[in-house]
Amino acid sequence: MKVITHTSSRAARGKNLTIVWGEHDFPVGKILVALMAEGLCWLGINCGVKKLRENWQGAELIEDKAATAKAAREIAHLWPQNLDKLSVPVVLYGTAFQLKVWKELLKIKSGTTVTYGQIARKIGKPAAMRAVGSAVGKNTVSIVVPCHRVVNEASGKINYGWGPALKIALLKGEKAA
DNA sequence: ATTTACCGTGCTT
DNA sequence: AAGCACGGTAAAT
């Protein structure tokens, strides 16, 4: 899987960008797939365009289901084991710190989980697990960048942007496969 | 069992 | 430019 990264703050994101998006079926719900010229820049679960607009403020958003169908089909087909074979490049916009965290997420094997603390240690900032938590939460390409494989160290506390039930469903699907 | 300290980000003042 | 709230964990109370 090809990954393209851009360092930017949230506010600077989306200027002069055209993004096409569409909603498609996925085993655990509807996914909203968004593509820009470089590749896949957003994947939300049951989320609606509102979230997309919040994250790409300055961008021009165009609904075009036909344009996103191919990528969506590929994602549904490759999940859960083979997402790293995705032919569409993944485009990540974030701060240097966020990009580091997201790249760590990409290394997590399907069917396994890591804790926020482990990621903090891996990126050389062992005390920054809270920051890792917020960076994980700001991931824009769910499922492909497996933010759902990051769990709390203690007890069964589950926190997930698209709802805890979805996180469980994703993990269950990957474990079973 | 509660509180404190740690870090990066984005929103508010 | 400074302050605040958020999010997860280990250590101190």
Side-chain angles (χ1 to χ4, degrees), chain A residues 1 3-19 21 28-29 31-36 38-61 80 83 89-175:
Chain A
M1 173 177 38
V3 180
I4 301 168
T5 59
H6 294 283
T7 307
S8 82
S9 68
R10 177 184 245 248
R13 228 181 271 173
K15 298 251 188 292
N16 305 314
L17 282 179
T18 302
I19 296 175
W21 63 274
V28 299
I31 53 173
L32 193 156
V33 176
L35 301 168
M36 48 179 264
E38 288 178 296
L40 177 71
C41 64
W42 173 272
L43 199 164
I45 308 170
N46 298 329
C47 75
V49 220
K50 196 167 167 253
K51 291 275 184 184
L52 225 204
R53 213 177 272 129
E54 281 170 18
N55 256 274
W56 302 93
Q57 281 195 30
E60 186 187 354
L61 304 182
L83 273 177
V90 175
V91 186
L92 301 176
Y93 276 79
T95 63
F97 182 85
Q98 288 165 346
L99 293 174
K100 258 192 203 174
V101 172
W102 297 339
K103 283 182 193 163
E104 280 307 318
L105 300 187
L106 287 170
K107 295 181 193 162
I108 309 171
K109 285 192 224 91
S110 178
T112 66
T113 58
V114 300
T115 64
Y116 297 93
Q118 283 170 8
I119 293 183
R121 270 171 248 134
K122 274 196 185 168
I123 63 176
K125 307 225 170 195
M129 66 262 285
R130 307 179 73 185
V132 169
S134 53
V136 170
K138 279 165 195 145
N139 170 36
T140 52
V141 196
S142 307
I143 302 180
V144 178
V145 177
C147 48
H148 57 283
R149 295 188 195 134
V150 189
V151 299
N152 290 281
E153 202 154 88
S155 54
K157 267 183 271 170
I158 305 173
N159 176 357
Y160 192 51
W162 311 121
L166 228 25
K167 185 165 182 170
I168 294 167
L170 285 168
L171 290 173
K172 212 175 140 195
E174 295 183 352
K175 224 174 166 186

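What you see is a predicted model, and the numbers here were worked out from it, not measured in a lab. Every chain is numbered from 1, with letters handed out A, B, ... down the list of sequences. Computation of the quantities below employed the complete heavy-atom set of this structure, encompassing side-chain atoms and omitting hydrogens, waters and symmetry-equivalent molecules.
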Whole-Å distance separating the [atom1] atom of [X] from the [atom2] atom of [N]:
X	N	atom1	atom2	answer
A:K138	C:dA5	NZ	P	16 Å
A:L99	B:dT9	CG	P	10 Å
A:E54	B:dC11	CD	P	10 Å
A:Y116	C:dT9	OH	C1'	12 Å
A:W102	B:dT9	CH2	C1'	11 Å
A:M129	C:dT9	CE	P	7 Å
A:F97	C:dG8	CZ	P	13 Å
A:R121	C:dG8	CZ	C1'	11 Å

For [Y], does its backbone N or O pair with a side-chain atom of [X] as donor and acceptor, under 3.5 Å?
X	Y	value
A:T140	A:W42	no
A:S8	A:Y93	no
A:W102	A:K138	no

### Query
Of the nucleotides C:dG8, B:dG10, C:dT9, which one has an atom closest to the side chain of A:E153?
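Selected nucleotide (nearest to the side chain): C:dT9.
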#### Entry: Among B:dT9, B:dC7, C:dT9, the nucleotide that comes nearest once only the side chain of A:N152 is considered
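Nearest to the side chain of A:N152 among the choices is C:dT9.
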### Message
If I compare all heavy atoms of A:N159 with all of A:Y116, which pair ends up nearest, and what's the gap?
### Response
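Where A:N159 meets A:Y116 most closely, the heavy atoms are O-OH, 4.4 Å.
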### Task
Would you mind classifying the nucleic acid contact of A:A131 as base, sugar-phosphate or nothing, using non-hydrogen atoms under 4.0 angstrom?
base
#### Entry: First of A:R10 and A:A128 reached from the 5' end of DNA chain B, by closest nucleotide
A:A128
